[in-house]
Amino acid sequence: MDIVICNTYEERNTGNSSGSSIESAMQNEANEAGVSFIGENRYPRYVPTCCCKSALLGCILAAVCFSSVALVRQYLKDLLLWVESLDSLVGALLCIVGLIVVSFPCGWGYILLNVAAGYLYGFVLGMGLVMVGVLIGTFIAHVVCKRLLTEWVLIKIESSEQLSAVIRVVEGGSGLKVVALARLTPIPFGLQNAVFSLTDVPLPNYLVASSVGLLPTQLLNSYLGTTLRTMEDVIAQQSVSGYFIFSFQHSLFQQRVTSIHMSNPHLNSMKEDILYHFDLGTVSHDLPAMFGDVKFVCVGGSPWRMKSFIQYIAGELGLGDPNADYPNICAGTDRYSMYKAGPVLSVSHGMGIPSIAIMLHELIKLLYHAKCTNVTVLRIGTSGGIGLEPGTVVITKQSVDALFKPQFELVILGKTVVRSTDLDEELAQQLLQCSKEIDEFKTVIGNTMCTTDFYEGQARLDGAFCSYTEKEKLSYLKDAYEAGVKNIEMESSVFAAMCKLSGIREINSSFYQVFLH
Ligand SMILES: O=P(O)(O)O[C@H]1O[C@H](CO)[C@@H](O)[C@H]1O
Ligand SMILES: O=c1cc[nH]c(=O)[nH]1
């Protein structure tokens, strides 16, 4: 038995297109302009080159922002002392202007202004001032970013998994909740404003959700301001409070939503994404309704085994009747079979790397289109053990090839692409711990060798062809053993590699049935 587990992220598309259609020509143009496509077909964020003017304007704006931030930082203390010396109304107006400035992506000093407002005007007035200033700032930043900074924001999102995740979830329909929750994350305030300007959340709702989300930290900062005695304290304190708020936000953000990550710009220009070997498609099927709740996917070689698994897990987790006849969702094809019970999906993948690779392409797309988040995927299969007691479960640390290298090689357009096959160690440890608690079978963590053939590739003596002696076989298996290989199977390397590309965390463990020694 062989198990692989993974978690998922989301799509951020880049790349070069070489098609001859109008769509692909547009895609090429976008790629040349360094522009990416975000989300699914609904949001083909194509920015044509005629937007050069706005890009230039965006750059100028960004440069102005950066230089003013540098100036503000340098003369910060003088600036705040000057504001303190002004008439309260003028000071309050300046505070609002300041909050508008820091609402832009390059703006800095949001927390400082928040603490200063509390210090200068007391808790209630300070809070009111901050709320009004931030509301106006968020509104202006949203409108300006939407009109002028789209390209800059797209590039920023492209380079950040966290920002990509935020956008993906907002597009996934829980927009307002995410806007509010994102305000509790350590993503800079101005940057968030820019990111949300790319979404189509209605402006009034966006402003309300944003204000609600910002409230806790605003309360905290304003209160802190009231406890300080001098402007010097405010400046010193903001870095301390900033640190605490950052830690608080960071710990919250650790609970972040992870969604599926894909990297194929061509999908955005397709009218329908057809998952041929599942007999499913984005137009023919409502994938979010069918699979949106999936949290665990278990994959394994045989269709029969995957049906048994869904019955077993349904019974174990109280998801359904273990004796019920779960329908094969892919009944329209005999390539793979798929069963579902509550948030658990069970999918067969056939034998060998090519077969599981095709299945994984379609599974990753399915989870992406269904807008699934925080998914864990397990592979369950059989393997041949090396130097282990029969029946031992091996949790794979690294999947290695037949030369014991932890890599997966694929020839793409005539070039060999090498992908990493590291597996998630934390999940491996968790699985090991579970096994200890159950205490029903021996479980070890080790390397798994993934071969492209069951017979000669695994040094067996019972294939149709065999050009080596038993002594040579044993010598090779000894080398494998010394390289840390505990078992042999035929899918783990591409599974690990593809999970990695999708931002998936994975574990591989195997129960062996065939003895090689
Ligand atoms: O038990 P499954 O998942 O089919 O996996 C193992 O069994 C097959 C060979 O008999 C290969 O696919 C190997 O990886
Ligand atoms: O690939 C495999 C699967 C099961 N048993 C083996 O010996 N090898």
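Along the sequence shown, the residues carry numbers beginning at 1. Note that ligands are numbered from 1 as they come in the structure, with each ligand's atoms numbered from 1 the same way.
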Open item on the list: Ring centres under 6.0 Å, that's the criterion: do Y206 and H142 meet it?
Closed with: yes

TODO: Check whether any N or O atom of E489, backbone or side chain, sits under 3.5 Å from an N or O atom of ligand 2, and answer yes or no.
DONE: no

- [ ] Please list, chain by chain and in numerical order, all residues satisfying salt bridge (Lys or Arg N to Asp or Glu O under 4.0 Å) with K478, sequence neighbours excluded.
- [x] E482

Task: G301-ligand 1 polar pair, N/O distance under 3.5 Å - done: yes

Task: F454: numbered ligand 1 atoms lying under 4.0 Å from its heavy atoms - done: 9 (C), 10 (O)

TODO: May I ask you to check whether G350 has an N/O atom sitting below 3.5 Å from an N/O atom of ligand 1?
DONE: no

Open item on the list: For C450 versus M490, what's the shortest heavy-atom pair and its separation?
Closed with: SG-C, 3.4 Å

Task: Sub-4.0 Å atoms of ligand 2 with respect to non-hydrogen atoms of R460 - done: 7 (O)

- [ ] Find all atoms of ligand 1 within a distance of less than 4.0 Å from any non-hydrogen atom belonging to E489, and give their numbers and elements.
- [x] 14 (O)

Open item on the list: Would you compute the distance between atom CG of D422 and atom SG of C499 and round it to the nearest 0.5 angstrom?
Closed with: 12.5 Å

Task: Sub-4.0 Å atoms of ligand 2 with respect to non-hydrogen atoms of G384 - done: 4 (C), 5 (N), 6 (C), 7 (O), 8 (N)

Task: From the candidates S383, G385, S492, G301, the one that places a heavy atom nearest atom 5 (N) of ligand 2 - done: S383

Task: Per-residue contact class, I488 against ligand 2 - non-hydrogen pairs under 4.0 Å - done: backbone

Open item on the list: How long is the straight-line distance from OG of S302 back to CE of M351, given to the nearest 0.5 Å?
Closed with: 10.0 Å

Task: Partner set under salt bridge (Lys or Arg N to Asp or Glu O under 4.0 Å) for D293, not counting sequence neighbours - done: K340

Task: Exceeds 12 heavy-atom contacts within 6.0 angstrom, atom OH of Y312 - done: no

Open item on the list: Is it the case that ligand 1 has an N or O less than 3.5 angstrom from some N or O of E491?
Closed with: yes

TODO: Report, in ascending order of atom number, the atoms of ligand 1 lying under 4.0 Å from any heavy atom of R305.
DONE: 1 (O), 2 (P), 3 (O), 4 (O)

Task: Contact check: T382 vs ligand 1, nitrogen or oxygen atoms, below 3.5 angstrom - done: yes

- [ ] Run the ring-centre check on Y276 versus Y336 and record whether the distance is less than 6.0 Å.
- [x] no

